[in-house]
Structure formats: structure tokens, C-alpha cells
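The structure appears right after this line, and notes come after that.
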Amino acid sequence: MMQSVAPVCNVCGEQVGLGANGEVFVACHECNFPICKACFDEDVKAGRKVCLQCGIPYDDNPLAEYETKVSGTRSTMEAHLNNTQDTGIHARHISSVSTLDSELNDESGNPIWKNRVESWKDKKDKKDKKIKKKKDTPNGEKEAQIPPEKQMTEEYSSEAAEPLSTLVPLPSNRITPYRTVIIMRLIILALFFHYRVTNPVDSAYGLWFTSIICEIWFAFSWVLDQFPKWSPVNRTTFTDRLSARFEREGELSELAAVDFFVSTVDPLKEPPLITANTVLSILAVDYPVDKVSCYVSDDGAAMLTFESLAETSEFATKWVPFCKKFSIEPRAPEFYFSQKIDYLKDKVQPSFVKERRAMKRDYEEFKVRMNALVAKAQKTPEEGWTMQDGTPWPGNNSRDHPGMIQVFLGHSGAYDIEGNELPRLVYVSREKRPGYPHHKKAGAENALVRVSAVLTNAPYILNLDCDHYVNNSQAIREAMCFLMDPQVGREVCYVQFPQRFDGIDRSDRYANRNTVFFDVNMKGLDGIQGPVYVGTGCCFNRQALYGYGPPSMPALSKAASSSSCSCCCPSKKPSKDVSEAYRDAKQEELDAAIFNLRDIENYDELERSMLISQTSFEKTFGLSSVFIESTLMENGGVAESSNPSTLIKEAIHVISCGYEEKTAWGKEIGWIYGSITEDILTGFKMHCRGWRSIYCMPLRPAFKGSAPINLSDRLHQVLRWALGSVEIFLSRHCPLWYGFAGGRLKLLQRMAYINTIVYPFTSLPLVAYCTLPAICLLTGKFIIPTLTNLASALFLGLFISIIATSVLELRWSGVRIEDLWRNEQFWVIGGVSAHLFAVFQGFLKMLAGIDTNFTVTTKSAEDTEFGELYLIKWTTLLIPPTTLLIVNMVGVVAGFSDALNKGYEAWGPLFGKVFFAFWVILHLYPFLKGLMGRQNRTPTIVVLWSVLLASVFSLVWVKINPFVSKARSLSLSLSLCCLSKMEPPPLLLTLLLHLLLSTTAVSATAPLPPTPSPTSSPTPPNSTTSPSSPSSSTLDPKQLRALQSLNIPTSKDPCTNPSILPPNTTRCDSSKPFRHLLSLRLVNCSDAVALSFTALKSLSTLQSLQFLNCPIAPIRFPADLVASLHSFTCINSLRRLTGVWLARLQNLTDLTVSNVQVNASGPFVILGNLKKLRSVTISQANLTGSIPKHMNLNLTHIDFSGNKLRGKIPSSLTLLENLETLNLSSNSINGEIPNSFGDLISLKNVSLSSNSLSGAIPESISAIPDLVHLDLSSNQLNGTIPKFLSDMKGLKHLNLENNELHGVVPFNASFISRLQVFKISGNSNLCYNHSVLSSKLKLGISPCDKHGLPMSPPQAKGDDSSADGSTNSDYDDSDEDDQKQDRQHGPNKVVLGVAIALSSLVFLVIFLVLLSKCCR
């Protein structure tokens, strides 16, 4: 900034300026005391006509000049804005070369501060008169001390005068035992460490010393975390009292105004629809509309965000009145319409259903428009974006653009559809230029503070992340119950709400809810000095952000600053000037608190002018007179002297990139810079100044947001938080040493802040401690010596105290034990991964200056429930915990193998080591599940135990090599061992053997279900069985003879012993004296078997008849059997059937014919008479004709696959509303899929593959809610792949390969990873967006170029497989049926059971071999 050659005024600190003669103004010609013309005029006006330095009266010339001067109207602080240059609407470039006069003097050349002194004088006169008037009343003095905005008038009712909130301490029967256990645990810890230090392990001194250091650090961390929870409290608010006090009937609302801040950066990572829902929930809050303003910060200067806000403001005209009319919750439309509750509950207005339906339709249209904007923004034009008027978008370069402000809604005539005023909605994008620091989110929030101060200047600010919507429309009133309470609010800097989240999996695998922190730790802090600021869902007192202290801050003494008269009446001891006295009065660490607003009233005009000059408002708040004036308006509101026409220009000015240079922004006022976790730092500075905060937990959560449920994203989020804590630790604001001189930060509050900045360093001892179990198992050493009785008591006492502390904590907090356990698990997971990296990155930044880029957490806008939970994104953060898991598992294997070699005496020490290792594995188990991704086939625990046991078996077998020694009977060795030594085997070994024997017995005796596979069933041997006497069987003798004629053995009663007929099975009724067959299945019949009419007539009671792999000749069934049969199955049997033969089975409900040639002119010949049919399968039967147009409407299963059917799919097929399975694959069907296909609302499995179908995939398929399997491969379908497929939550199998589809694949990686089978290869004109989908998915198609066309021909299927031989991807294009079955269904339960049984037997053999060796 250019410096003037004129001297500086000793009164106001401004340039003296020039006099009327054009020379430097001189008031006193005796001593040339530098004083400006404005200060001289003020002194003369006040009657002081002598020099402040020498005491000699001023010359006549300056006095005469003052008396003859024509006093014009003084301009206000905003007047200088009319003379500013570059008054563009969207941008203003502030030159760094400017003069002080243009900013600090009014049109008359007088300092602007003098104008403010005049207004203060008027305020003081009014206040003096008011105080004098109230002195006549007894309570006058007391009332004068209460701020005017919080005085309660006499007409208030007694109810309105009651407190707006109450503090509810925990009952003594809950808190006293809790504190007692904490003290006991502290004592036990001291005794435990005394034992550990005085009893070293000489054989493993290094391991012992490492464990001691780790345990001491863990104890220190526990103290820092535990004692701030010493005095937890609850709070209750009374919003009805708030309304009674500030919203009296017939009067204007006196509730304080609130400015909402919503920050967003990248609309592609933070979808505009999410931001729009947040904004809509703010605009619809239950609060006076003239008291609400919403400011949206677009730090990415994206035109997409700007246009989406324009659409949002238009939709708000419909949404806001709907919300307020029917009092709906929540008021974010996406989450309101997705609620699975009875939305008619408590609704009494008849028009609600109609209006809700219309509003939902309007919202769906709004979503379509928003999605269109997003789709348009996916590809940026080469020339950049252009606005509707043809001008280029100013933010085309997100790193070099002017400041932009657009007011969408507000007090300028924007009304909703019912004619009511809407809250103000303002779009803000601060200026960014290369070379200027922008400080990420903290800088954006500070820009919003200044813009809102110029435009609305509400006394309170509530900031939200773009994905945190208002879930409770009364949330602002809840906060006002604290901030506007005269007994509480004067000392409150902010009210923090807990964070609650949507879209988290039920088990909360990665502790995303942070329930322990929000429901335990924050309640504890509320009992001290208040909760920490967590970055969102927080309502601030604007004055606290400006660096002012609370009202309880000591006022400056009048005597300490009474140096104004020292010139006239010099004393023997030189007195200090005002600035020096002020510096001595304030605390060293409280320099951010410029002064208390109420202190200004204690000074006269001259002293105030000097104080203002010395505190240098411009150097603190920046060169904006409008903003500086707003900072002195404690009750908010825009100054009456402000010119509305210049406010936008001034707002553009305060968000310029150079505005914060050489000011206190980010250092002492606003959001504090220096850490990516600016929230912790900002709240810490406020608490150091003496403020306190409040924790508000309404019954209905105030705000809800989204959290990253993906493992990699969650770890990156934790890394960002931990890195911010390390940055604070290495800064001057470290709670370990900052703010001690002030004495305003309570000890327990300081401990809590210390815990927030040292917890990342716990990762170092934690990694070491998690490695110790594996080292102990591999080396055979241990960190604890042989335990004595005292040591055992200490360990037991410590274990019990830990459990008791947790139980009592759960008792008073209401947190579930599952949440506590998840928090404990993720403390370990985050500690050995993200926290460890944060420590090293923090030191690299400090030592080498390597900065870390801020990564915006991706917010999902998809409907897929938990779709990203199983998505694996590789990151280096996964390496340390994976290594720890492998090392500990290897250690367990090695430990078991070593104990097996050494004998049973080694099992005791092994127990402690293995327990230690399993403690690590159990804590890292959620990480292991996340690392393995989606496991639809085998549970993770099965995989874990399988790997562990397999490793144990392998190593043990290699080590013992049982074939080296002489062969000896295992049973004899065991008996001789036990008889000779007369000692029982060890208890642990006995239990293990018993467990293995039990497992083996259970596995061996478990019945195996028959597998009706005609291709794999063995042919039973041709053996004759002597028929049994009819008297020995309960079966009807006729039917018994019929079974014998079919070569079915009947040596035992088929009804009481059906298992004697494998693989044939029977089922009988319970009639007496003889039972009758109800079900008969014939499998693998020999060629000698022949069906006879007599035998079948005897079996006329059969209801189910099955032929599996029985190539015998069919005969005509008796009428009685035809009438009785309900189920008929023929698979590769009866050689050949006719349609007429099958049509005679009129009472069938289930018909299955496969791999049997059926001679019929079409399916209708068979199905025409089967009126009761529910399920029909006629596959691989060479069936000709067309699909029947009329079928039984109750059909649930249709399978005509592998035939020669022709023609089109009749539209009448869509009338089968109960149909669940439709398989028409491998036919010659042509034409298009009917548009009414979506009427089959019960469909779950559809296969139309290998036909000649053409046309597009019908949109009506989206109406099928439970569709799981969709196979349209190997057809001639054209058009694009519809987007609605990604919205079908139940879809698991999607096959669209070998068609003529074109365009861009509309799916993202989250949707594809959710599917078990996904195939789209063989569509030459189909491509994928390489910025959305990775080539690693092996989709079999090419990526798209900039025109949306394939870049190159897709790779052949065989190329991938030839490279490595095989692939494990779920998206492999292999068509082998067995591989597809493995990918979908996993191992058969029978095979798994047999494997477990055999493994148990092998394990038993190994143990017996070992025992035999030991007993020799």
C-alpha cells in the first residue's frame, strides 16, 4: 500500500492531511504537535482549544478556519463505496496499490471513525437518560445491567419469564459408581505398572521394554479420554417458552436472525441433488422467513452448482409452503419421500394425499432436471461454459476467476406459490487468483462470514456441510433456547448438535456413526466448558467469531487509560497511553479478543477515538468500512446508514482474494487457519477466550448427513482428521502450551483438547503392540514373566475394572454395547493405518514442506442401499493392517506347530500368546471383511478359519513326518501310554480331542440329501432281493407287489424305512390297516424294468410320480392314477412322449419334462386342458409351434427353454401377474419384447437369451420390483442400455452380451460391484466412460471417446484368459456353466460338510500320532 509523506496524527493514527493553503495542516505552531484537521475540529467543538502536547492555546487562524467552515452532511461508512472503481456485478479486482484516504476518510476528508463517534455519543445519551429514568424504581440498577435485547418487559407472562433451558445432571446412583470405578481403575493401573516395571523379563528384555512403553502410553491416552467425562450432563429446552417470550400474538417476531452457511466444492463428488436437499430443508425450517438467510459457498466456481441452485430456488416456491402447511418432517424431499413409514399418521387435512402426490410428482420432475444438468456437466466444452445471455461463465477456470454473488431468493419480491415471502438464498463464489492462499474450507467459511455481514448481518450463524440436511425443523429454535436465554446465552459462543447419518449399514461395520463420541464424550465436555466444534451442525454467536470476548471478560479500567489529560495536567510519574494500558490489561493469549463491546461505553469521545485508532480495525478486519461497522452491531442487522445499491459491490469486495492480506482473518478471527481440521482449532480459540459452548441433543435429530461406508473412503476420512490434529500439535496453537497465561480454559477442557491432538501418535505404540503377539509366537518368548498370585490378582482386577467402566458408561449414556465394540475395533483399525500415516505426513509437512491435498469425501446420490460397502479401492492405508493380520495368523500357526512338537507342557504358555494374537485379529476383523469385499458365497469367518486351520495342518504334517518312525497301532500306543504312566492326558488336549471327535461324529452322521442328477447318478447293481412277506409290511399288499414288479427291493417296509430304496424314495399316508403310497421316485432304472398297467393301477393313490434317467417305454396311465396325480416329473426318461399323452393329466399342478422328445404341434396342446397347473417346465424337448396366447393365470413358473418355438411373445403373457420365473431361452422367438412386460410384477427370474428378439429393452421392466435375474443375451436387441436397471435394488444377474446395443454404459462401479454376474460384451457399438468405470472390470467392450463412440474394437474373450490362464473376476466373460454356477452359488453344503469332517479326522490322526510318539 502506498505511504503518504504527511505525518501521522497522534490522536487517531491517520495522516494529518493538507490544510486550506495546500500545505500540511499544522494546529499548534509552537510545538508542531501532529494532529489532523478532523481531530482538531473535534477538539475545538468539544471546547478544548489548547494543544494536547504543550498546553498553549491554538492560533487564531485554525480557529477562524474552523468557525467559518461550512459543515456539510457527514457521509456514512458506506459512502466511499460510491467512488470505488470496477463495479462489476460478478467480479471486482482490488488493486494492491491504493491510498488510505479513499478507504478511511469521507467525502470531506475527515476520518470515518469520527462519524462513528458521533453515533456512539447519541447512543450513550439515550442510554444515560434511560438509566436515569429507571433509577426511581427499586430494580432499575439491575435492569440496566441486562442487555437491551434480553430485557423482559412487564407485560410478559410468568411463563415467558421462565428459563428457556435447564441443565439436568445425571442421577447420583449412576454417576457415583462410575466415578468410583474410574478412581479404582487408576489405582489398579498404578499397582499394575509397579509390578510390570519391577518384574522385567530377562529372556525377552527388548520385547518387555517395548510393551512397557506401549502400555504406559495407552494408560496416558485413557486418562486424557476418561477424565473429561467426569461430569456428563443432559439439557432440556423449552421451545414453547421461547415462542411465548419472543413471538407474542399481534406483534412482530423478536427472534434473532440466523444466517445459514452451506459449503460445497466439487459438484461431481458432492452431487447437486444432495446440496439442493440441504438448501430446501433450510428454506423450509420452522422459523420466521425474514430471520433466515441461506448462503451457499461454491468453492469450485462450478456452473453446475449455480444452475442447480437456480432450479432449487424455483422448486422451493412449491416445496416450502407444502412443508409448512402440513408440518412434515424431515423437510428434505429426497429423504421425506423415501421414508418407509405411514405418512398419513397425524395428518387430518383431506387435501394432504392429493397435494402430497402432486408434490412427489413435482419433485420427480425436479430430479430429472437436476440429473440432466449433471449429465450435461460430465463433459466440459473446449471453449468453456457459457451463460444464457451468451457471456462466458466467469468460473471456467476454477483456480483463477473473479468473485461471484447471486441472490436467488429473499426480500426483493421472491414469493412462493401461495404469495408468502421466502427466506433469502445467496450464491457465493469467492475470488481466486494464482499466488494467493485460499485456505480451503476455512477460507470459504470466512468469506461467507464477511458476505453475510454486509448483506444481512444476522447475530447468529449456523454452518452445515452440503450433505447435512435439516432433519428437525425446530432445530433453530432449540439452539435459540440457549443463545437467547438471558441467563445462559451471554457466555455461549456456539451450540453444537450431534451428527447423525443416513445410509449406514445396520452393523455399522466401520463405526461411521461415532456414537461413543457424540453420546458419551460430548456429554462429558458439556459438563465442563462445552463440546468441541465438529465442523457442521453448529450455531455460532457471530461476535465470538469476530474475536470478541464474552461479557464476563474483565473490563478495561478507566484509570488505566486516563492519559488524555496528562498533557494539560502533567504528573510526576509519566502515565501510559491508552494502547499500552490496554495491552497490559488483556491476557497474553487473549490478544484475539480486541475489546469487549461494553467497554467502549466507559470512555468519552476522545478516549474512544484513541482506542479505536490504536486497535487498528483495518488491520484486524480488512479495508471495508461497511463490514467493520457491522462487527460493532452486537444485535446484528444492516446499518440504517448503509446504501442498498452498494451492498453487492461491497460484498464482492470482501470476498476478493487479497482482502485477508495483513489482517487477523484466520489468525485470530473467523475460522482459524493452519490445519485441515479448522473446526477443532476454531472452537479451541473461542474456549481460550473464556467462552463456553452448549451441546444440544433434541429427541428428533437436528441434522442428518451421509458418511463414507466404504472402507477406503472411511480410512481417508480418518486420515484427514488425524492429519489435522498433527498439524495443530505442531503449531503455535497446541493445547499443550497455548493459552495457559489467560487461565480461561479449564483443566479438564484442556485435557480433552490435548486428547484431540495427541491421539494420532497412539498409532506408533499400537502398531508395535499389535506386532508383539506374532513375535512372541515365532520366537517362543513372552512379555510377561511367570505370574504370581499377586500378579494374577492385578491382571484380574484390571480386567474387571475395564469391563465395569464400560458397563457403567453404557448405563448412563444409553449407548449400545455393539456401538462400543465397533468403536473399539475401529480405534485399532484406524490407529494402525490412517493415524500412522497422518503422523508421518504431518512431520513431512513441517520438516520438508510437503503439503497434503485436501480430498473431498464422495457423497453418494444413489438409491443403492449399502452399495459401496463392498467396493474395494486400493490405497496404501490398507498395507499396515493387512500386514498385521498376516503376521499374527502366521504366528498362531507357528505357535501351534511348535507346541505340538514340544508336547503338552507347551500348551500353557501358548494359551496367553494365542489369546494376545486373537485380540489383534478380532479387532481387525471388520477390516478383513471390508478387504474381502462382497462375500455372497462363503462367510468371512469360514475363510479365515479355513486358512488358519489349513496352515496349521500343513505345518504340523511337515514337522512331525509320522512315517519316519516304526509303524505302531495308534490305539495300542495310546493305551500303553496311559496304562504305563497312569496319568490322564492334559485337560486342554482332552477337551480339544473331545471337540474334534464330536465334530467328526456330527459331520459323519449328518444325512446327505439325494442329488437328482440324471447325468451323475450311478446305476445300481442288478441284484435280486427276496420278497418279504406281506404281513411284515404296513404297505398295501397290492402296492407292495407293484413295487416288486418294478425291481424295487421290499425286504423292509418301504413306509417305515424309506431309506432302503436309494436312490428311489417313497412316501406313504397314515391310513389303516394298510398304508398307501403318495409319492414315488424312480432313478436310474435298468432296461429290464417295464411299466405294466396292472402295477400302475395298484399305485392309483400316488400324488407325485418322478422318473429320473429311466429310459423305459411309456404306457397309458389308468384313469384313477390320472385323477390322483398332482405332480409329474420326467427327466431323460420314458423315451418319447406326445402332447396328447401329457394333456390327459388334467389335475396336475406341477409338470416337469426335460431331455425328452415331445411330439406336439405346440405347447397349447398340452396346457389347454391343464387348468390347475401352477408350474410347467418343458425344456430340451424339441417342442415346436408358438407360445400359447391363453394360459392359466395362476402360473408361477414357465420354462420352455431349448425347444424350437417360433413367433413373437404374445402380449397376453403379461396377464400372468403371479408369474415368478420365465425361461424362453434357446428358441427361435422373434419380434420385440412387449411394452407391457412390466405388468409381470411378480417376476424374479427372466431368461430370453439365444433367440432372435429385436427392438429396444422396454422401459416397463423398471416396474418389476423384485427382479433378480435378467438374461437377454444372444439376441438382436438394439438401442441403448436403459439407466433404470441401476435403480433395481434386487437385481443380481444381468446378461446383455451379444446384441446390437450401442451408446455409453450408464452404470457406475458401485452398481456393477453389487451384481454377481454382469456381461455386456459382444456389443460392438457399446462403450463405457473410462472416467466412471475402470478397465480392470474387464467388461469386454472399449472405452468411449469424446463423441461417445468406442475408441477401439473390444478385446477378444480369449485374450484375457490366455494371459494368465484364469480369472477370479465376477465379470469374466467365460460361458462355462460350471464356472458360472461356482460364482453364483459357491461350494455345495454337502461338500463343505464332508471337507470339515475329513479335516477333523486328519487333525485327530495327527494328535494321536503325536501322543503315540510322546508315550514311547
Side-chain angles (χ1 to χ4, degrees), residues 1104 1122-1123 1125-1131 1137-1154 1156-1253 1258 1260-1261 1263-1272 1275:
S1104 175
V1122 169
L1125 276 181
H1126 297 304
S1127 175
F1128 179 76
T1129 300
C1130 180
I1131 299 177
L1137 298 176
T1138 64
V1140 177
W1141 191 90
L1142 291 172
R1144 294 185 64 250
L1145 308 177
Q1146 298 181 2
N1147 292 328
L1148 288 182
T1149 59
D1150 185 0
L1151 173 62
T1152 301
V1153 177
S1154 181
V1156 180
Q1157 185 172 352
V1158 177
N1159 295 330
S1161 58
F1164 183 78
V1165 176
I1166 304 172
L1167 305 181
N1169 292 333
L1170 306 184
K1171 304 299 183 181
K1172 300 180 180 180
L1173 202 60
R1174 298 291 183 274
S1175 174
V1176 55
T1177 297
I1178 305 178
S1179 61
Q1180 307 297 329
N1182 285 333
L1183 191 64
T1184 59
S1186 60
I1187 301 174
K1189 295 184 179 180
H1190 302 287
M1191 286 187 283
N1192 185 9
L1193 297 180
N1194 294 323
L1195 279 171
T1196 61
H1197 178 96
I1198 296 178
D1199 185 355
F1200 291 151
S1201 60
N1203 290 292
K1204 299 179 180 180
L1205 299 179
R1206 297 181 178 274
K1208 300 181 179 179
I1209 300 177
S1211 58
S1212 59
L1213 183 68
T1214 61
L1215 299 177
L1216 307 179
E1217 295 182 353
N1218 299 321
L1219 191 63
E1220 297 180 358
T1221 302
L1222 177 62
N1223 188 352
L1224 303 178
S1225 60
S1226 300
N1227 282 282
S1228 301
I1229 303 172
N1230 54 23
E1232 297 182 357
I1233 302 175
N1235 291 329
S1236 58
F1237 200 82
D1239 293 342
L1240 298 172
I1241 57 176
S1242 300
L1243 266 183
K1244 295 181 179 178
N1245 300 282
V1246 178
S1247 179
L1248 305 179
S1249 62
S1250 301
N1251 282 287
S1252 301
L1253 296 172
S1260 62
I1261 294 181
I1264 306 176
D1266 300 322
L1267 190 61
V1268 176
H1269 182 112
L1270 180 60
D1271 189 350
L1272 303 178
N1275 280 286

What heavy-atom pair brings [X] and [Y] nearest, and what distance separates the two atoms?
X	Y	value
P1210	P1188	CG-O, 3.7 Å
A1160	G1139	CB-CA, 3.9 Å
L1173	L1195	O-CD2, 3.5 Å
V1153	L1137	CG1-CD1, 4.3 Å
A1143	V1165	CB-O, 3.5 Å
L1240	L1216	CD2-O, 3.1 Å

#### Entry: CZ/R1206: more than 12 non-hydrogen atoms of other groups inside 6.0 Å
no

### Query
Checking T1149 side chain against H1126 main chain: does a donor-acceptor pair fall under 3.5 Å?
yes

### Task
Determine yes or no for a side-chain-to-main-chain donor-acceptor pair under 3.5 angstrom, with N1223 supplying the side chain and S1201 the backbone.
no

So do the side chains of [X] and [Y] get within less than 4.5 Å of each other, counting heavy atoms only?
X	Y	result
L1272	L1253	no
V1176	L1170	no
P1163	I1166	no
L1213	M1191	yes
D1271	L1248	no

What distance separates [X] [atom1] from [Y] [atom2], expressed to the nearest 0.5 Å?
X	Y	atom1	atom2	answer
I1178	L1183	CD1	CG	6.0 Å
D1150	L1145	CG	CG	12.0 Å
E1232	K1208	CD	NZ	7.5 Å
L1151	L1167	CG	CG	7.5 Å
D1199	T1221	CG	OG1	8.5 Å

For [range], which residue pairs qualify under side-chain hydrogen bond (donor to acceptor under 3.5 Å, both in side chains), counting only residues two or more places apart or in two chains?
range	result
residues 1210-1219	T1214-S1236
residues 1238-1252	none
residues 1175-1196	S1154-S1179, T1177-H1197

#### Entry: Counterpart residues, side chain to side chain donor-acceptor pair (under 3.5 Å), relative to T1152 (two or more places apart)
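Side chain to side chain donor-acceptor pair (under 3.5 Å) list for T1152, sorted by chain: empty.
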
### Message
Please enumerate all residues that pass side chain to side chain contact (heavy atoms under 4.5 Å, CB included) together with R1144, with sequence neighbours excluded.
### Response
R1116, V1122

#### Entry: Set of residues satisfying ring-ring contact (aromatic ring centres under 6.0 Å, His included) with respect to F1200, sequence neighbours excluded
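Expected list: none.
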
